Amino acid sequence: MIENPDSSDVGNAIQIGARFNAHLAFVVFLALLLRITGATWGLPDDPGWAGGPFHPDEGVAFKQGGELYSNPDSVTFGWGGAFFFRIAFLARLLAGSLAESFSRSEFATTLLLMRALCVTLGTATVAIVGRLAAGAFGPTVGLVAAALLACFPNAVLSSHFARPDTIQMFLCTVALACAFRFSQSGSQRYLFAGGLVAGLGLATSAWGLVAFAPLGVAWIVRRMEGPVPWPTCLPIMGAAGYVLGSFETFLYWDAVRAAFQRTTQMHDTGAFQFPTALLSTVSFYGFGTLATVSAWIGMVMIAARRKRTDWVILGYFLFACFILSRMGSGMMRHVLILAPVFAMAASLALVTFARWLPVRFLKSNVRIALVTGAVVLFTLHLSLSYVLPMQFRDDPRVEVGRWFAQNARPGSLVGVTQSFYGDDTYIPRFPRNHDLRIAPLQLRRNVDASRYLDFPLDYIATTDYAIDRAAGPTAPEFFRELQESPRYRLAHVVSLGKPFFRLADRFDPKAPGDLMYLRSSHRVYEREGAVPISDARF
């Protein structure tokens, strides 16, 4: 049996004092800094700019949030509930009065408010995980766990966009904390609070079902040790939380049914695909390879300890794996619900390994600092690889639009493809008063996209994201013919790239789909014979 590296739970409680809280506060500040940096990236800075945000799902949140009570679409409920879209609805109401103060459009202000909420909840999750890990494994493990979660690339990146994933992670972590406290004290109030929060999590997205698992495991553990009341409050409070978070579900049942069928067709694999669903966690773009490998080892150590609080953590982990494997989704943002337990397990393994190292000339705390510091710093580097481009570079579409302003002749005909699959946010971001003619090239199924090359287009603007994700079997042929066409030449390329060294690319050459937009290159092709200009016109 593997012993707790920080002795008993009582000893942990004694050691968690002012010094620990000060160190945790510093880690939380680091987490906030990583998440708030670049928080406005990809938003239209000027209401005069055409086009939506860089992340396509943010446009969905704004649109569906505005139509939640007037014309709800099945997309609204496709993520499992309406709680997130109600947040978008309230943000739109608030944005109406704040847009002028922020010098932004209502659209940009709405997304900015939602991003601020994600930054806040993502940072709060770091603090909760630090306290949880300290209570379970000691203050040293708690600080390392908080530092890892603060730096996880997936957690940092998801906090920058108005999507439900960071909110979902926060709610699942709060439910896990309630289960942890119930397993320690047996107080029913933690089941009440945990059930309510788990219901809100389920109202946010289908992955919120994971939040119920640790609460159920905590009750079973207490039941095995002695008589406890039946947890009738858990399903009651869970249902109450779901109704509170998504009562709209019962108002638009037809849309809910259509959303359920659509989501099932998209995600349900019909089989248990555990290895496939979790393979992406080892990615540099998930939690960092070193941290993930440590987390898997830490999970084995937690199972070997056999303490009641450890069973709660293990129950959450296993049920989350089951849900993810059934959904069969390779999206990194969906795996984010594993981040809290991965951070705790990884920190336990790293601290234990550092203390075990037979290097006698180094004190234990020095070994811990070297081992954990190396993993945390490497994980931090991966996060900076995403944050820094957003901090120091303009939206690539703005840069492409600026190139057109400086080089394209007035009246030029510019063909533009979609930014993303099924999205009509075109690559160049022109001012609304531009004097170019824009021709949207709709790459759809059953459309011979290559015929666009026969049009008298002066320029074609596209992105390699569209190459990978554009709909229809003819789209790849169109891009191949465009690259090989003697009538067009590559005139300009804008790419975010990555700072520092390219170690991540070397080992993981293709990022998951929901991160591809940050690594895409934007290209402008110029027709031979087009007459460029050299002076700016806008």
Side-chain angles (χ1 to χ4, degrees), residues 23-24 26-39 41-42 119 122-123 125-126 129-130 141 143-161 165-166 169 279-298 332-333 335-336 338-340 342-347 349-351 353-354 366-393 495-512 514-521:
H23 291 162
L24 181 61
F26 175 78
V27 174
V28 171
F29 175 75
L30 170 65
L32 175 63
L33 192 62
L34 287 172
R35 285 153 179 77
I36 205 171
T37 299
W41 187 86
V119 168
T123 305
T125 305
V126 173
V129 167
V141 175
L143 289 175
V144 177
L148 284 174
L149 183 58
C151 299
F152 278 161
N154 195 7
V156 172
L157 187 63
S158 295
S159 295
H160 280 79
F161 299 112
D165 311 292
T166 299
M169 179 183 68
L279 182 61
S280 58
T281 63
V282 187
S283 167
F284 280 95
Y285 305 99
F287 306 133
T289 303
L290 296 176
T292 302
V293 172
S294 302
W296 284 101
I297 298 173
M332 293 303 305
R333 55 180 179 250
V335 184
L336 195 61
L338 283 174
F342 263 50
M344 289 189 280
S347 60
L350 290 171
V351 171
F353 173 73
V366 176
R367 296 198 301 269
I368 292 173
L370 290 175
V371 171
T372 61
V375 177
V376 169
L377 287 176
F378 180 73
T379 308
L380 175 62
H381 155 69
L382 299 176
S383 290
L384 294 178
S385 296
Y386 301 122
V387 174
L388 285 183
M390 292 190 288
Q391 181 182 15
F392 296 115
R393 292 288 299 273
S495 178
L496 285 174
K498 290 219 283 285
F500 309 132
F501 52 92
R502 289 182 168 270
L503 182 61
D505 280 341
R506 203 169 294 136
F507 286 90
D508 196 351
K510 184 176 177 60
D514 57 344
L515 297 181
M516 184 64 74
Y517 52 85
L518 282 182
R519 304 185 61 225
S520 58
S521 296

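Just so it is clear, the structure is predicted and the values come from calculations on it, not from any experiment.
A distance of 10.5 Å separates CG in Leu157 from CZ in Arg35, rounded to the nearest 0.5 Å. Taken from CG in Leu149 to CE in Met169, the straight-line distance is 5.5 Å, to the nearest 0.5 Å. Here the CZ-OG distance, from Phe378 to Ser383, works out to 11.0 Å after rounding to the nearest 0.5 Å.
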> What do the steps show when you test Val141 against Met344 for side-chain contact (heavy atoms from CB on, under 4.5 Å), and what is the final call?
Replying inline: CA-CA 7 Å; Val141 175; Met344 289 189 280; 5.9 Å; no
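Remark: Ala291 pairs with Leu148, Phe152, Val375, Thr379 by the side-chain contact (heavy atoms from CB on, under 4.5 Å) rule, at least two apart or across chains. For Leu380, the side-chain contact (heavy atoms from CB on, under 4.5 Å) partners at least two apart in sequence or on another chain are Leu34, Cys151, Leu377, Leu384.
For Thr166 (side chain) and Ser158 (main-chain N/O), a donor-acceptor pair under 3.5 Å exists by modelled atom type.
Looking at every heavy atom in both residues, Ser294 comes nearest to Ala349 through O-CB, 3.3 Å. Ala145 and Val129 make their closest contact through CB-CG1, 4.2 Å (heavy atoms, listed as atom of the first residue, atom of the second, distance). Taking both residues in full, the closest heavy atoms of Ala146 and Gly130 are given as CB-CA, 3.9 Å, listed atom of the first, atom of the second, then distance. Here the closest heavy-atom approach between residue Ala295 and residue Ala345 is recorded as O-CB, 3.4 Å.
Within 6.0 Å of CD1 on Ile36 lie no more than 12 heavy atoms contributed by other residues, nucleotides or ligands.
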Run the side-chain donor-acceptor check on residues 366-373: report pairs under 3.5 Å with partners two or more places apart or on a different chain.
{"from": "Arg367", "atom 1": "NE", "to": "Ala354", "atom 2": "O", "distance (Å)": "2.9"}
{"from": "Arg367", "atom 1": "NH1", "to": "Val359", "atom 2": "O", "distance (Å)": "3.2"}
{"from": "Arg367", "atom 1": "NH1", "to": "Leu362", "atom 2": "O", "distance (Å)": "2.7"}
{"from": "Arg367", "atom 1": "NH2", "to": "Arg355", "atom 2": "O", "distance (Å)": "3.2"}
{"from": "Thr372", "atom 1": "OG1", "to": "Ile368", "atom 2": "O", "distance (Å)": "2.6"}

